[in-house]
K.L.:
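Next up is a structure, given as structure tokens.
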Amino acid sequence: MSTIRVLVVEDEPLLRSSLVHLINAEPDIEVVGSAQDGNQAISEAIALRPDVVLMDLVMPRLGGIDATRQIKDQLPDTALVVLTVSADEHNLFAAIKAGAISYVVKDANIERILEVVRSANIGEGYIHPPLVPHMLEEFSRLSKQAQSDRELFKELTRREIEVLELIGQGRRNREISARLFISERTVKNHVSSILAKLQVNDRTEAALIAAKHGLAGSNDTA
């Protein structure tokens, strides 16, 4: 069995040193590097390509959520394990959305942390038990939201969905026309159809619906 290569990210020097020492005492796990903030974590992760990153959340310069997201974007095969003092569902949701596979609080014993690292290395996640009900509630909410979205937008054509997304970004008809390579008259017809199907009075209401249901996307200029 190959050794699990771990990057430890923690801004407290004493805790970072202790984690490195305790993890390195395991025959099947090796700490290949450490970092004291999010920016350093990203550069070390890219350079070292660890199997698992043990990530603190609250750090100077760049926090753990942003660092997790950027590392996961660069290294999709690396498992991100959050180790934090915060047993908070909002941080949990943010960490999972950023790409973390596990969420552990710092009062966990070292045996638990090692177990989570080993599990993360084979693609198995762990969530601090008191937070599991909150995670299940969030999954249920997202499922209901998806069902609601399907019902709301089921009468819209694919092209109308594209137009609605651009309306949600605040695009005017001329911009939508240029984006989708269709005439302004066609855009106007699509907008009228969208308003009728969504039973709203104007494009402002349509834009609010698009934003509420995650259709607005990013308002880039590319």
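Throughout, numbering of the chain's residues begins at 1 and tracks the sequence.
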K.L.:
As an exercise, state the distance from CD1 of I113 to OH of Y126, rounded to the nearest 0.5 Å.
P.N.:
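Reported value, rounded in 0.5 Å steps: 10.0 Å.
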K.L.:
With sequence neighbours left out, write down each residue that passes salt bridge (charged side-chain N to carboxylate O under 4.0 Å, His left out) with E184, or none if nothing qualifies.
P.N.:
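Once residues adjacent in sequence are excluded, the partners of E184 under the salt bridge (charged side-chain N to carboxylate O under 4.0 Å, His left out) criterion are R174.
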K.L.:
Kindly write out the residues that satisfy side chain to side chain donor-acceptor pair (under 3.5 Å) with R49, not counting sequence neighbours, or none if the list is empty.
P.N.:
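If we apply the side chain to side chain donor-acceptor pair (under 3.5 Å) test to R49, skipping adjacent residues, there are no hits.
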K.L.:
Side chains of V117 and I4: closer than 4.5 Å at any heavy-atom pair?
P.N.:
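Yes, their side chains come closer than 4.5 Å.
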K.L.:
E115: which residues meet the salt bridge (charged side-chain N to carboxylate O under 4.0 Å, His left out) condition with it, sequence neighbours left out?
P.N.:
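Expected list: R112.
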K.L.:
Can you tell if the side chain of L180 reaches within under 4.5 Å of the side chain of E162, non-hydrogen atoms only?
P.N.:
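L180 reaches E162 side chain to side chain.
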K.L.:
Under the side-chain contact (heavy atoms from CB on, under 4.5 Å) test, which residues partner N39, sequence neighbours left out?
P.N.:
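Per chain and number, N39 pairs via side-chain contact (heavy atoms from CB on, under 4.5 Å) with D37, R61, L62.
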K.L.:
Kindly compute the distance separating CD (Q40) from CE (M59), expressed to the nearest 0.5 Å.
P.N.:
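Going from CD on Q40 over to CE on M59, the span is 10.0 Å.
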K.L.:
Taking Q70 for the side chain and A67 for the main chain, is one N or O donor matched with an acceptor at less than 3.5 Å?
P.N.:
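Here the side-chain-to-backbone pair does not exist.
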K.L.:
Output all residues satisfying salt bridge (charged side-chain N to carboxylate O under 4.0 Å, His left out) with R69, sequence neighbours left out; order by chain, then residue number.
P.N.:
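D66.
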K.L.:
With sequence neighbours left out, write down each residue that passes side chain to side chain donor-acceptor pair (under 3.5 Å) with N173, or none if nothing qualifies.
P.N.:
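In terms of side chain to side chain donor-acceptor pair (under 3.5 Å), with neighbours along the sequence ignored, N173 is linked to R203.
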K.L.:
Can you list the residues that meet the side chain to side chain donor-acceptor pair (under 3.5 Å) rule with R118, with sequence neighbours excluded?
P.N.:
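R118 satisfies side chain to side chain donor-acceptor pair (under 3.5 Å) with E26, D28 only.
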K.L.:
Donor-acceptor pairs under 3.5 angstrom involving side-chain atoms of residues 13-24: please list them, not counting sequence neighbours.
P.N.:
| residue | atom | partner | partner atom | Å |
| --- | --- | --- | --- | --- |
| R16 | NH1 | E10 | O | 2.6 |
| S18 | OG | L14 | O | 2.9 |
| N24 | OD1 | V31 | N | 2.8 |
| N24 | ND2 | V20 | O | 3.4 |

K.L.:
D202: which residues meet the side-chain contact (heavy atoms from CB on, under 4.5 Å) condition with it, sequence neighbours left out?
P.N.:
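Result, side-chain contact (heavy atoms from CB on, under 4.5 Å) vs D202: T204, E205.
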K.L.:
Work out which heavy atom in A206 is nearest to a heavy atom in L164; give both atom names and the distance.
P.N.:
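Heavy atoms only, the tightest pair is O-CD1, 3.6 Å.
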K.L.:
Do you know the tightest heavy-atom contact between V32 and P50?
P.N.:
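Minimum heavy-atom separation between V32 and P50: CG2-CB, 4.2 Å.
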K.L.:
Would you check, one step at a time, whether the test side chain to side chain contact (heavy atoms under 4.5 Å, CB included) holds for V104 with V81?
P.N.:
CA-CA 7 Å; V104 194; V81 172; 4.0 Å; yes
K.L.:
Taking all non-hydrogen atoms of both residues into account, name the closest pair between G168 and A210 and its distance.
P.N.:
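Heavy-atom minimum between the residues: CA-CB, 4.0 Å.
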K.L.:
Test of understanding: with side chain to side chain donor-acceptor pair (under 3.5 Å), list the residues that count as partners of E124, not counting sequence neighbours.
P.N.:
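With sequence neighbours excluded, E124 shows a side chain to side chain donor-acceptor pair (under 3.5 Å) to no residue whatsoever.
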K.L.:
Under the criterion side chain to side chain contact (heavy atoms under 4.5 Å, CB included), I'd like the reasoning laid out for L54 against L7: C-alpha separation, chi angles, the key distance, then a yes or no.
P.N.:
CA-CA 6 Å; L54 201 56; L7 172 66; over 6 Å; no
K.L.:
Can you name the salt bridge (charged side-chain N to carboxylate O under 4.0 Å, His left out) partners of E160, sequence neighbours left out?
P.N.:
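Expected list: K197.
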K.L.:
Under the 3.5 angstrom rule, does the side chain of S193 hit a backbone N or O of N189 as a donor-acceptor pair?
P.N.:
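No: the side chain of S193 does not pair with the backbone of N189.
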K.L.:
Return the OG1 to CG distance between T78 and L48, rounded to the nearest 0.5 Å.
P.N.:
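Output value for this atom pair is 10.0 Å.
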K.L.:
Rounded to the nearest 0.5 Å, how far does CD1 of I42 lie from CD1 of I71?
P.N.:
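It is 6.0 Å, given to the nearest 0.5 Å.
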K.L.:
Looking at I96 and A100, what are the two nearest heavy atoms and their distance?
P.N.:
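Minimum heavy-atom contact is CD1-O, 3.4 Å.
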K.L.:
To the nearest 0.5 Å, tell me how far I176 CD1 sits from L166 CG.
P.N.:
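One gets 5.5 Å once the value is rounded to the nearest 0.5 Å.
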K.L.:
What's the separation between atom CG in L114 and atom CD1 in I29, rounded to the nearest 0.5 Å?
P.N.:
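Here the rounded value is 5.0 Å.
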K.L.:
Is the side chain of S119 donor-acceptor paired with the backbone N or O of G125 at a distance under 3.5 Å, no angle test?
P.N.:
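No, because the side chain of S119 does not come within donor-acceptor range (under 3.5 Å) of the backbone of G125.
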